[in-house]
Amino acid sequence: MDLVIGPLDLPAHVDEALSVQAFAFGLGPDEVAVRRQIVLRHMTNPGARAFGATTSEGRLVGFVYGMPNDRTHWWSTVVQPYLRAQHHEHWLDDSFVITELHVHPAHQNRGAGRALITTITDTASEPRSILSAIDTESPARALYRSLGYRDLARRVLFPSAPRPYAVMGAPLPLLRAR
């Protein structure tokens, strides 16, 4: 991998990070504007942190951020009934949430996503990690499974999201084998 993985001052680089997310996820300007405010708000939470993947020229091509889970956060309130129905509600306690993980498509399938998620979870003091991903078989879900994440709830509906999501969880530290 020809990328450098390191801590990222996400509030200072939010527009650069969101351009990666917009390209990777196909987001329009209105959605990026909404997400910008969400990212900036998230980064004020205790324990929130971010890591970036940059080229040798210093261009950000991937990022991850997360924080210790708090049941009062919006995401937790949405996924909680789905987790409860599957007897996995306890995963909301003492967990580190991967809030966003995105790699520019030109740099995918080269280990950047794996390096970002393992680096951020290695900094977590919580015994487990949780995240949500679009509920379809995808390279992202395959990556998460290879790291030890498993489905905790499927067909999770977020307001205004056009597709259902899966909530996945893994004990920490994450698996390292490919």
Side-chain angles (χ1 to χ4, degrees), residues 1-70 72-79 95-124 129-136 138-144 147 149 156-168 170 174:
M1 184 174 62
D2 58 342
L3 300 175
V4 176
I5 306 297
L8 175 65
D9 180 353
L10 188 53
H13 296 277
V14 66
D15 294 322
E16 194 177 358
L18 288 175
S19 71
V20 171
Q21 183 177 4
F23 195 84
F25 235 45
L27 304 177
D30 291 342
E31 182 66 17
V32 169
V34 169
R35 288 178 185 246
R36 185 178 199 281
Q37 297 308 313
I38 293 168
V39 169
L40 293 174
R41 186 178 70 245
H42 281 164
M43 292 308 294
T44 66
N45 287 315
R49 53 196 171 276
F51 288 84
T54 56
T55 65
S56 56
E57 297 83 31
R59 187 170 66 95
L60 185 70
V61 296
F63 74 100
V64 64
Y65 83 92
M67 65 196 88
N69 191 53
D70 182 330
T72 65
H73 291 164
W74 176 83
W75 182 85
S76 287
T77 64
V78 173
V79 303
S95 293
F96 187 82
V97 179
I98 302 301
T99 308
E100 298 286 350
L101 170 62
H102 299 286
V103 176
H104 189 284
H107 294 272
Q108 291 177 359
N109 300 311
R110 297 188 203 169
R114 177 179 298 277
L116 285 165
I117 196 169
T118 57
T119 300
I120 197 168
T121 57
D122 282 350
T123 69
S129 172
I130 54 177
L131 57 80
S132 55
I134 294 174
D135 193 0
T136 187
S138 65
R141 297 238 3 249
L143 168 65
Y144 302 145
L147 293 166
Y149 285 89
V156 175
L157 301 175
F158 288 99
S160 77
R163 296 182 279 183
Y165 279 70
V167 176
M168 302 177 78
L174 296 177

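None of the values given here were measured: they were computed from a predicted structure.
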Please tell me if the side chains of D70 and N45 come closer than 4.5 Å, counting only heavy atoms from C-beta onward. no
Indicate the atoms forming the closest heavy-atom contact of M67 with A48, along with that distance. CB-CA, 3.8 Å
Any donor-acceptor N/O pair, T136 side chain to S138 backbone, under 3.5 Å: no
Check: W74 and P159 side chains under 4.5 Å, non-hydrogen atoms: yes
Looking only at heavy atoms, what is the nearest atom pair of L18 and V32, with distance? CD1-O, 3.8 Å
Restricting to non-hydrogen atoms, name the atom on V103 and the atom on A24 that form the minimum distance, rounded to 0.1 Å. O-CB, 3.7 Å
Check whether any side-chain heavy atom of H42 sits under 4.5 Å from a side-chain heavy atom of E100, and report yes or no. no
Flag the pair L131 / L101 as yes when at least one side-chain heavy-atom distance between them is below 4.5 Å, and no otherwise. no
Applying side chain to side chain donor-acceptor pair (under 3.5 Å), run through R49 and T123 and close with a yes or a no. CA-CA 9 Å; R49 53 196 171 276; T123 69; 2.6 Å; yes
Before you tell me yes or no, could you show the steps for T55 and L3 under side chain to side chain contact (heavy atoms under 4.5 Å, CB included), namely the whole-Å CA-CA distance, both residues' side-chain angles and the distance that decides it to 0.1 Å? CA-CA 5 Å; T55 65; L3 300 175; 3.9 Å; yes
Rounded to the nearest 0.5 angstrom, the CZ-NE2 distance for R59 and H107 is 4.5 Å
Pair R163 + D135, salt bridge at N-O below 4.0 Å: no
Contact check, side chains of V79 and F158, non-hydrogen atoms, under 4.5 Å: yes
Closest non-hydrogen atom pair between G52 and L116, with its separation: C-CD2, 3.6 Å
Using the side chain to side chain contact (heavy atoms under 4.5 Å, CB included) rule, take F63 and Q21 through it: C-alpha gap first, then chi angles, then the decisive distance, then the call. CA-CA 9 Å; F63 74 100; Q21 183 177 4; 4.0 Å; yes
Do you know the tightest heavy-atom contact between P68 and F96? N-CD1, 3.7 Å
Criterion side chain to side chain contact (heavy atoms under 4.5 Å, CB included) against Y149, the qualifying member of L143, I130, I98, V167: I98
Might you work through the side chain to side chain contact (heavy atoms under 4.5 Å, CB included) test for Y65 and L8, ending with a clear yes or no? CA-CA 9 Å; Y65 83 92; L8 175 65; over 6 Å; no
Could you tell me whether a side-chain N or O of S129 sits under 3.5 Å from a main-chain N or O of A170, the two making a donor and an acceptor? no
Evaluate the criterion side chain to side chain contact (heavy atoms under 4.5 Å, CB included) for residue pair L174 and R114; output intermediate values, then yes/no. CA-CA 10 Å; L174 296 177; R114 177 179 298 277; over 6 Å; no
Indicate the atoms forming the closest heavy-atom contact of L10 with A50, along with that distance. CB-CB, 3.8 Å
Within the side chain of H73, is there an N or O that forms a donor-acceptor pair under 3.5 Å with the backbone of W75? no
